[in-house]
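Okay, so here's the structure we're looking at.
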Amino acid sequence: MSEDDRIAVVGLSCRVPGADDAPTLWRNLLSGVDSVRRTPAGEGAPDGPDWVPAFGRLDGLEGFDADLFGYPAAAAALLDPQHRLFLEVAWHALEDAGIDPDRDPAQIGVFAGCAPNRYLHHHLLGNPALAPAAGTLAEDWDDALTGSGCDYLPTRTAFALGLSGPAVAVQTACSTALVAVCQAGQSLLDYRCDVAIAGGAAVVSTRQAGYRLRPGGLLATDGVCRPYDAAATGQVFGNGAGAVVLKRLADARADGDHVYAVLAGWAVNNDGADRPGFTVPGVSGQAAVMAEALASVGWDAADVAYLEGHGTGTPVGDAIEVDALARVRRGARAPLLLGSVKGNLGNLDAAAGVLSLIKAVYAVRTGQVPGTAHFTAAHGDIDLAAAGAEVGAETRPWTGERRAGVSSFGLGGTNAHVLVESAPATDEPDAGAPGPVVLGLSAGSPAALRELARRLAVRLADGDLAVADVAHTLAVGRRRLAYRDAVACADAGEAVAGLTALAAGDPVDGDEAVRAWRAGADLPVPPGRRVPLPGYPFRRTRHWIEARR
């Protein structure tokens, strides 16, 4: 398999229940944290025997950094919260990749989708204060509609971030985000773009309190998502968003990028009519998509040691998934570890697939496989032995070659499967002779600048980053915003001290390069490589219209 046929994951970002970024999510997964929130009685949630007060709540859903993204307050209030979320995770994912679209000549594409817009239906439509004739928030109702349509999510991202590659909306229900990853990877291989952002966003509920059970429905009666487990009664939904930044592997290595992992192959198909009903998953289709992905890279089923499954906690769906897996792995002697992030987060609908991918990428990168929350024993209808699989309840080390699969199956039958493997070893670039460097920071406000300095000081205090790499990343991979400051340093200790002073509002005078940066000049780019650094501290001001009663 040629390096030219593989895709590097060079950046990633998410905002999900219990975690505002990917490192926090990963720590939660390793600790087995269940981030689905149960709303105590008497806190404004409905009640009754059919009400389940459980939901993957996303704190601060009402907030948005409208100034940073150039939105007037009135327009921001009309914007679909899913669009807001994806703008944020796309911005952070590019930062994580060390890419500044304003100065990077690469064509950057966007492949993404979102869930149906609940905010439009429950908060905007029918609200008399928002009618065009009222002349208040919406002089032109078309502005509200373009701020609400799923079609406009990737194009809005391209406009807001200045991206000139293809911007393509993907809508395949729960498999949306992973299908977007597959489309992005193919676009890169076809040289339709040089960099691609792929992912999805979902605001399944703007009230985030829970749900009502329906007879024969797919939702958990006890408010707990238990993938593959004997006690599973259904799924629990949640709000969130995620994105990955992809490059051709050869380009990523040539550019000195930090490569989290490699996408070796993928496949997308549909179950067609070979199933009992439109909303019922198809065993044959799921087996076929996994087999096609394996065939595309010449792997045997036994080459994959870990599968991040779809695993929603619905007994019928989970059993079909494992049945399909058994067909693909028939005769495979190597064991397979199976898991699902939905036990920790709930089902994040159109964003679910990219969160599964982020989990698998971290597992491949770190050599640790998180346990599946709430798993004790397999459901009676699930034959793990036939698939040669085991569901791990606790985090365990990954020994041997790190190759993983990621499955995402959408309601309606569109299936996606992605194969992930470890990034190839690289030689560290020559950072040149040791000497002082300048860490240049910029932000949209003085408060954001101080917070950015604080975050970077905390990160550098960990001691695993070279200041030359940090300076290189800041010089090439961060946007130039209105408020600037910098720290000159020769080592991490000096960097932490200077950044801590900057965070406290007491920056030092600095040398000529620091003063030039503060005045608006560019910094020289020191030798080094791109490394993941803390993301921009969004100032999330409330831009929210209350639901009509």
Side-chain angles (χ1 to χ4, degrees), residues 10-11 21 23 91-106 245 252-260 426-444 446 448-537:
V10 297
D21 54 43
W91 178 293
H92 274 166
L94 284 174
E95 283 190 330
D96 193 59
I99 296 173
D100 175 7
D102 290 341
R103 292 176 296 130
D104 195 308
V245 177
R253 298 185 72 175
D255 293 341
D257 292 326
H258 173 270
V259 178
Y260 283 95
T426 58
D427 296 328
E428 293 294 326
D430 182 6
V437 295
V438 176
L439 309 183
L441 306 180
S442 70
L449 186 63
R450 291 192 297 271
E451 173 60 17
L452 188 59
R454 187 195 68 79
R455 292 184 182 186
L456 188 56
V458 171
R459 180 67 184 88
L460 274 164
D462 291 341
D464 59 343
L465 291 178
V467 291
D469 290 339
V470 174
H472 177 85
T473 303
L474 292 172
V476 302
R478 293 296 169 106
R479 290 179 183 268
R480 273 50 174 151
L481 300 175
Y483 293 87
R484 297 182 172 200
D485 215 323
V487 170
C489 57
D491 55 38
E494 290 185 4
V496 170
L499 290 166
T500 301
L502 198 162
D506 188 26
V508 297
D509 289 339
D511 60 14
E512 183 178 345
V514 170
R515 292 191 294 272
W517 168 254
R518 289 170 179 162
D522 276 343
L523 290 173
V525 179
R529 61 191 181 102
R530 303 187 210 214
V531 291
L533 299 177
Y536 184 85

Minimum heavy-atom separation for Asp96 and Pro532, please, with both atom names. OD1-CB, 3.2 Å
Close side-chain approach of Glu95 to Arg478, heavy-atom, < 4.5 Å: yes
Can you find a pair of side-chain heavy atoms, one from Trp91 and one from Arg479, that are under 4.5 Å apart? yes
For the residue pair Ile99 and Pro101, what are the closest heavy atoms and their distance? O-CD, 3.5 Å
Where is the tightest heavy-atom contact between Ala486 and Val514, given as atom of each residue plus distance? O-CG1, 3.8 Å
With a 4.5 Å heavy-atom cut-off, do Leu439 and Leu460 have their side chains touching? yes
Does some side-chain heavy atom of Leu456 sit less than 4.5 Å from a side-chain heavy atom of Val470? yes
Mind checking the CG-CG spacing from Leu452 to Leu481? Nearest 0.5 Å is all I need. 9.5 Å
Measure across Val438 and Ala471 and return the closest heavy-atom pair with its distance rounded to 0.1 Å. O-CB, 3.7 Å
Cation over ring, Arg480 on Trp517, under 6.0 Å and within 45°? no
Side-chain (Ser442) to main-chain (Arg484) donor-acceptor, under 3.5 angstrom: no
Without swapping roles, check the side chain of His472 against the backbone of Pro526 for a donor-acceptor pair under 3.5 Å. yes
Should the pair Asp21-Arg455 be classified as a salt bridge under the 4.0 Å nitrogen-to-oxygen rule? no
Side chains of Leu441 and Leu499: closer than 4.5 Å at any heavy-atom pair? yes
Would you call Arg518 and Asp485 a salt bridge, taking side-chain N to carboxylate O under 4.0 Å as the test? yes
Please check if the side chain of Asp255 supplies one atom and the backbone of Asp257 the other of a donor-acceptor pair under 3.5 Å. no
Kindly say whether Gly98 contributes a backbone atom to a donor-acceptor pair with the side chain of Arg530 at under 3.5 angstrom? yes
Looking at Asp462 and Asp464, would you say the former's side chain and the latter's main chain have a donor-acceptor pair under 3.5 Å? no
By side-chain contact (heavy atoms from CB on, under 4.5 Å), Ala516 pairs with (sequence neighbours left out) Ala521
Measure from the side-chain N and O atoms of Tyr536 to the backbone N and O of Gly444, and report whether any donor-acceptor pair falls under 3.5 Å. yes
Tightest non-hydrogen contact, residues Ala468 and Val437, listed as CA-CG1, 4.4 Å
Check whether any side-chain N or O of Asp469 sits under 3.5 Å from a backbone N or O of Arg529 as a donor-acceptor pair, and report yes or no. yes
Tell me, do His258 and Val10 make a side-chain contact under 4.5 Å, heavy atoms counted? no
Is there a side-chain contact between Leu465 and Leu533 (heavy atoms, below 4.5 Å)? yes
In terms of heavy-atom contacts, Ala457 and Val496 come closest through O-CG2, 3.8 Å
Output, in order, the C-alpha distance, side-chain angles, deciding distance and verdict of salt bridge (Lys or Arg N to Asp or Glu O under 4.0 Å) for Glu451 and Arg454. CA-CA 5 Å; Glu451 173 60 17; Arg454 187 195 68 79; 2.8 Å; yes
